[in-house]
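Note that the structure is predicted; figures quoted are calculated from it, not measured. Because only heavy atoms are used, hydrogens play no part in the values below, and waters and symmetry mates are left out as well, while side chains stay in.
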Amino acid sequence: MENNSNGAKRREDVSMFMVHFTRNTEDRRSAKENLIDILCTRVIKPCNSKGLFYATEGVSDAARTVCFSEVQFNAIKHLIGKHQGRGVELSSYGLVFSKDFLIQKGANPVFYVNTYANQERKRAIFEAIKQLDLPKQKEIAPYIEIFGWTSSGSIYDFHREHEWRYPGDFEFEWKDVIFGLCDDEQIEEMEQLFEKEIKFISPYMNLEEVFGRMVLSWEESRYDSYREHFGTT
């Protein structure tokens, strides 16, 4: 197993990649349009406040976060569409970043509290957090969530997303994007739109196809570096 930039050994059961999915929004913009906007501005803006304490006075603004899923390439497709307990329907459009990049940016995994059995653990954590001063509440509020029954009797369950969150606007450069995600028939169009600076894959590709896209991207970047070095066109 290889070591990452933090010196930790790579594990085959843990993904090196983080995915941000776009979706159709209430302003009637499609997931594809929202992805294009994100790439043009190089900023992912949080849609709303998240976490167990999102509605707590003074905490709501700090709980506005951008969400990512820690997932291996061959499992991305399983997060798309409708799932019980998840109020959003993720599309096949999105961006793939390295986990190391998100760690350096300050993203943090979500801690989930099980409420399928009862609400006691949730109440205990809520009461403990309320004892902290406001700056400390704001620091940890976005990263604590439940999975299971809500107090209103519905199910809220995102724990299979292996979710990470980043507070506020998430800024990046095109070079930070490992891959863009889109439907297979949209790949050529999307790559042309961004002058092939960003490679795209379909979340339904198998690992061999994804690896092929990686090799292609590497070969093209190596060719470009040669061309720049020798001044050829």
Side-chain angles (χ1 to χ4, degrees), residues 5 15-47 65-77 79-81 88-107 161 164-166 168-233:
S5 61
S15 179
M16 299 161 51
F17 304 102
M18 308 287 278
V19 179
H20 174 79
F21 293 94
T22 61
R23 54 190 173 93
N24 301 332
T25 46
E26 294 178 356
D27 57 3
R28 297 187 178 180
R29 295 186 63 79
S30 69
K32 178 182 176 181
E33 290 173 320
N34 287 324
L35 176 58
I36 291 172
D37 283 350
I38 286 170
L39 285 171
C40 287
T41 61
R42 296 173 173 82
V43 178
I44 307 175
K45 291 186 174 294
C47 293
T65 57
V66 175
C67 300
F68 301 85
S69 290
E70 179 185 346
V71 59
Q72 297 185 10
F73 279 119
N74 60 341
I76 293 175
K77 58 182 177 289
L79 299 181
I80 296 169
V88 298
E89 184 174 349
L90 301 179
S91 74
S92 54
Y93 291 86
L95 295 173
V96 180
F97 298 94
S98 74
K99 186 192 294 183
D100 285 349
F101 175 62
L102 263 75
I103 289 174
Q104 293 302 317
K105 290 278 289 183
E161 313 297 312
W164 288 55
R165 291 175 179 167
Y166 178 87
D169 293 350
F170 183 85
E171 300 179 356
F172 64 93
E173 299 297 331
W174 286 358
K175 65 180 177 59
D176 301 318
V177 178
I178 304 297
F179 279 121
L181 295 177
C182 67
D183 293 331
D184 188 70
E185 63 272 17
Q186 298 289 325
I187 289 177
E188 184 175 354
E189 175 190 340
M190 293 294 284
E191 290 189 346
Q192 290 292 339
L193 183 61
F194 295 100
E195 301 177 346
K196 294 192 174 182
E197 291 291 326
I198 301 172
K199 289 296 181 184
F200 281 79
I201 61 170
S202 164
Y204 298 101
M205 284 180 171
N206 59 42
L207 288 177
E208 184 175 348
E209 291 172 311
V210 172
F211 180 72
R213 298 293 291 171
M214 283 183 167
V215 171
L216 177 63
S217 178
W218 179 78
E219 290 288 354
E220 289 183 350
S221 64
R222 185 176 66 168
Y223 172 77
D224 288 342
S225 67
Y226 286 165
R227 183 175 59 181
E228 180 179 345
H229 179 73
F230 290 106
T232 60
T233 58

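- A heavy-atom distance below 4.5 Å is not found between the side chains of D100 and M16.
- Between the CD1 atom in I44 and the OG1 atom in T65 there is a gap of 11.5 Å [rounded to 0.5 Å].
- Here the side chains of E161 and L79 are in contact, with some heavy-atom distance below 4.5 Å.
- Across every non-hydrogen atom of K45 and V66, the tightest pair is C-CG2, 4.0 Å.
- With contacts defined as side-chain heavy-atom distances shorter than 4.5 Å, the pair F21/I80 qualifies.
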I'd like to know whether S92 forms a side-chain contact (heavy atoms from CB on, under 4.5 Å) with L181, so could you lay out the CA-CA distance, the side-chain angles of the two residues, the decisive distance to 0.1 Å, and finally the verdict.
CA-CA 6 Å; S92 54; L181 295 177; over 6 Å; no

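- Atom-to-atom distance recorded for E26:CD and N24:CG is 11.5 Å, nearest 0.5 angstrom.
- Proximity of a side-chain donor or acceptor of S91 to a complementary backbone N or O of Y93 within less than 3.5 Å is detected.
- Checking side-chain atoms of D183 against main-chain N and O of E185 turns up no donor-acceptor pair under 3.5 Å.
- Of all the heavy atoms in E209 and M205, the pair that sits closest is OE1-CA, 3.2 Å.
- Rounded to the nearest 0.5 angstrom, I187 CD1 and E189 CD are separated by 11.5 Å.
- In summary, of the residues considered (Y166, F17, W164, F172), a ring pair (Phe, Tyr, Trp, His ring centres under 6.0 Å) with F97 occurs for F172 alone.
- The distance from atom OG of S98 to atom CE of M18, rounded to the nearest 0.5 Å, is 9.5 Å.
- Considering NZ of K196 and CE of M190, their distance stands at 14.5 Å, rounded to 0.5 Å.
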For L95 and L39, run side-chain contact (heavy atoms from CB on, under 4.5 Å): C-alpha distance rounded to whole Å, both residues' side-chain angles, the deciding distance at 0.1 Å, then the answer.
CA-CA 9 Å; L95 295 173; L39 285 171; 3.7 Å; yes

Walk me through whether F101 and I178 qualify under side-chain contact (heavy atoms from CB on, under 4.5 Å).
CA-CA 10 Å; F101 175 62; I178 304 297; over 6 Å; no

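- Using cut-offs of 30° and 60° for the angle between ring planes, the F200 and F194 rings count as parallel.
- With H20 as reference, I38 is the one residue of V96, L102, I38 to meet the side chain to side chain contact (heavy atoms under 4.5 Å, CB included) rule.
- At least one donor-acceptor pair closer than 3.5 Å links the side chain of K99 to the backbone N or O of S15.
- Shown here for F179 and V177, the closest heavy-atom pair between the two residues is O-CG1, 3.3 Å.
- Side-chain contact between E33 and T22 is absent, with no heavy atoms from C-beta onward closer than 4.5 Å.
- The pair E171-R42 does not meet the salt-bridge criterion, since no charged nitrogen lies less than 4.0 angstrom from a carboxylate oxygen.
- Rounded to the nearest 0.5 angstrom, Q104 CD and D176 CG are separated by 12.0 Å.
- Using modelled atom types, one finds a donor on one side chain and an acceptor on the other under 3.5 Å when comparing D27 with T25.
- The environment of NZ in K77 is crowded: more than 12 heavy-atom neighbours from other residues, nucleotides or ligands sit within 6.0 Å.
- Annotation for V19 and I76: closest pair CG2-CD1, 4.0 Å, computed over non-hydrogen atoms.
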